[in-house]
Amino acid sequence: MVITGVIGSVLVAVGSFGVGDIPRNNAWLQNVGLSWVYYGHGKSLLNVVFWAGVVLLVLAWIRLGRLFFGDRGAGDRPAVPTRVLQWSALSWAAPLMVAVPVYSRDVYAYLAQGALLHHGFDPYADGPVHRPGPLLDSMAQVWATTTAPYGPLFMTLTRAVTALTGDHAIAGVLAMRIVMLPGLLLTLWAIPHLARHFGSSVPASLWLVAFNPMLLIHLVGGPHVELLMMGVLAAGLVLVLRGSHVSGVVVLALATAIKITAGVALPFVLWIWLAHLRERRAVRPVDVARVFAAIVGCSVVVFGVFTLMVGHGLGWLTGLGWADRIINWLTIPTLVAHVITVAAAPFTALHLLPVLSVTRTVGSVVLAVVLLVCWWRFRASERSAMLGMTLALLAVLLLEPSTLPWYYTWALVPASAFVLSRRVAAVIAGCCVLQLIVFQPDDSILLYEPVPVVICLAVAAVAGWSLIGRPRRPTTRLHTAGDVR
């Protein structure tokens, strides 16, 4: 199964040269005699190669899931060393490190914004359009005039990358993947610790995140900032749960300084820290005040340091609103807006954008309430706080103005700490497969094409059902290149 996944990953990487987001105005494929791969029959051939790789990755993932979610008790589940699983997951990710960016041109936007900062512009006030060149040409032009929504730590990293690679888009993409690779390594280290801490299955937890084809292809093949953020977030949670509260808060603040969404986890640290104090003695009001002050103080210091390094204050907050430009019905506010306009069509013509403005505003208010309720409701113990954190991040995914497949790392990382039933795992598998195929590697989207959407839903349903289907007696070993004892 592992070998099947590796072959699938290699095919995805090879196929990406025909269907991925090759840098614009770059003649490197012509220079090496491979221009035929991105047009005509060559492009069609590599399109088949890419999707064959996706199929193999999904099949290998589902087969692993059938082993790790045995329905007759833990005795049926194969005892696979954690180190074997970690190296196996890395073997699936490795070929994607050299793939052409797929599903999104965001990595070119990272580089363009980092180049702005490196050359003295303010990426929180100036869009990449202020500095024409290969990086601007290669990014999605819808973001050319927008400002950066990323935290000061990530902007510091992108500035360092562009200082090294300049305007060379290919070198910049490879360097960005290397910079974000520690996120994958931290994830592989942290998830087993989270699983053991809460008594869940390490193989099942790694299956959920580290072997997940949707996450691997989007995060590594993309690549996306969530690859780095999820690892730092997971590492911070491990430290907090181990009792290294200050260190954990610092690491979680670093994750927030990469992308603000990680900040949803910080308020829940209060309950985990207090739960640990409660195990030793009664908690007094002064203890609550001290813990709260420590969390806020550490976070402010971390943010302050990187904000000073960037030198442009909190301007990145203004960039968060640009996500409104993304419209798909994967979030509740956008779905409701679509339903309203369609339902009203026989009676009156309602334009989507005004309706969307109202539903998104309502969604933001509801999200604020849900976050507050989750924070207060799930305060009894560290397990309860982790569950509340997971639900809060899921609420952000469902109620924010827009969402994209790689955003699901936000909720899947803390969810990996819990014991999941096979039915829940099957629903997650179906959703992940759906988002892997309803979005296309050339940035197109099938969400508004009825027939393709029905086909994608059917394929996703089959994938989920295959995980629920009664597995064979697990006499099969996990096939790897070699056994690790």
Side-chain angles (χ1 to χ4, degrees), residues 187 190-191 193-201 204-205 208-209 226 229-246 248-256 259-279 283 285 287-296 298-299 331-332 363-400 403 407-421 424-425 427-428 431:
T187 301
I191 284 181
H193 289 283
L194 291 175
R196 294 189 189 103
H197 188 87
F198 289 103
S200 60
S201 164
S205 297
L208 182 66
V209 178
E226 275 75 12
M229 189 200 80
M230 74 171 183
V232 180
L233 172 65
L237 292 176
V238 169
L239 291 174
V240 169
L241 292 168
R242 283 182 167 182
S244 300
H245 304 111
V246 173
V249 169
V250 168
V251 175
L252 289 174
L254 290 174
T256 308
K259 193 164 185 177
I260 189 62
T261 314
V264 174
L266 280 168
F268 293 91
V269 174
L270 174 66
W271 306 132
I272 297 174
W273 197 332
L274 293 177
H276 291 170
L277 283 178
R278 202 176 295 117
E279 292 173 356
V283 173
D287 295 322
V288 178
R290 287 173 178 171
V291 170
F292 180 81
I295 294 171
V296 173
C298 290
S299 302
T331 63
I332 294 174
S364 297
V365 173
V366 173
L367 175 59
V369 173
V370 169
L371 291 179
L372 185 60
V373 170
C374 284
W375 179 71
W376 184 251
R377 167 68 177 79
F378 295 95
R379 66 186 189 279
S381 64
E382 62 175 17
R383 178 183 290 274
S384 179
M386 279 290 291
L387 178 58
M389 183 192 306
T390 303
L391 294 175
L393 287 166
L394 180 61
V396 174
L397 285 169
L398 296 178
L399 292 170
E400 69 169 353
T403 193
Y407 292 2
Y408 284 78
T409 53
W410 307 345
L412 288 177
V413 167
S416 67
F418 297 99
V419 177
L420 300 179
S421 69
V424 171
V427 171
I428 293 174
C431 291

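Positions are given from 1 along the sequence. A quick note: this is a predicted structure, and the numbers were derived from the prediction, not measured.
- Each salt bridge (Lys or Arg N to Asp or Glu O under 4.0 Å) pair with one or both residues in residues 259-273, not counting sequence neighbours, appears once here: Glu226-Lys259.
- Residues that satisfy the ring-ring contact (aromatic ring centres under 6.0 Å, His included) test with Tyr408, not counting sequence neighbours, are absent from this structure.
- Residues satisfying the side chain to side chain donor-acceptor pair (under 3.5 Å) criterion with Arg290, sequence neighbours excluded, are absent altogether.
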Exercise. Taking it one step at a time, do Leu252 and Leu239 satisfy side-chain contact (heavy atoms from CB on, under 4.5 Å)?
Worked result: CA-CA 10 Å; Leu252 289 174; Leu239 291 174; over 6 Å; no
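- Remark: Thr187 pairs with Ile191, Val209, Met230 by the side chain to side chain contact (heavy atoms under 4.5 Å, CB included) rule, at least two apart or across chains.
- Residues passing the ring-ring contact (aromatic ring centres under 6.0 Å, His included) test with Phe378: none are found, sequence neighbours excluded.
- A donor-acceptor contact shorter than 3.5 Å is absent between the side chain of Ser299 and the backbone of Ala253.
- Taking Thr409 as the reference, nothing meets the side chain to side chain donor-acceptor pair (under 3.5 Å) condition, with sequence neighbours excluded.
- The structure places CG of Leu420 at 6.0 Å from CG of Leu208, a figure rounded to the nearest 0.5 Å.
- Among residue pairs with one or both ends in residues 388-400, none qualify as side-chain hydrogen bond (donor to acceptor under 3.5 Å, both in side chains); sequence neighbours excluded.
- The two atoms that bring Leu194 and Leu237 nearest to each other are CD2-CB, 4.1 Å, heavy atoms only.
- Taking the ring axis of Trp375 as reference, the NZ or CZ atom of Arg379 does not stay both within 45° of it and closer than 6.0 Å to the ring centre.
- Remark: Val366 engages Val362, Val370, Leu399 in a side chain to side chain contact (heavy atoms under 4.5 Å, CB included) (not counting sequence neighbours).
- The line from CG of Leu233 to CG of Leu393 is 7.0 Å long, rounded to the nearest 0.5 Å.
- The two residues Leu391 and Cys374 make their nearest non-hydrogen contact at CB-SG, 4.2 Å.
- Counting only heavy atoms from C-beta outward, the side chains of Phe198 and Leu241 approach each other to under 4.5 Å.
- Ala385 and Trp271 get closest at one heavy-atom pair: CB-CB, 4.0 Å.
- Shown here are the side chain to side chain contact (heavy atoms under 4.5 Å, CB included) partners of His245, two or more places apart in sequence or in another chain: Val240, Trp273, His276.
- Ser416 contributes no side-chain N or O that, together with a main-chain N or O of Ser205, makes up a donor-acceptor pair within less than 3.5 Å.
- Exactly one of Val291, Val269, Leu254 qualifies for a side-chain contact (heavy atoms from CB on, under 4.5 Å) with Val249. That residue is Val269.
- Note that the CD atom of Glu279 and the OG atom of Ser381 stand 9.5 Å from one another [nearest 0.5 Å].
- Not counting sequence neighbours, the partners of Leu398 by the side chain to side chain contact (heavy atoms under 4.5 Å, CB included) test are Ile332, Leu394.
- Counting all heavy atoms, side chain and backbone alike, Cys298 lies closest to Val250 at CB-CG2, 4.3 Å.
- Arg278 is linked by a side chain to side chain donor-acceptor pair (under 3.5 Å) to nothing, counting only residues two or more places apart in sequence or in another chain.
- Atom CH2 of residue Trp410 and atom OG1 of residue Thr403 lie 6.0 Å apart, to the nearest 0.5 angstrom.
- Heavy atoms of other residues, nucleotides or ligands lying less than 6.0 angstrom from CZ of Phe292 number 12 at most.
- A donor-acceptor pair is defined here as one N or O able to donate and one able to accept, closer than 3.5 Å; such a pair exists between the side chain of Ser200 and the backbone of Ala195.
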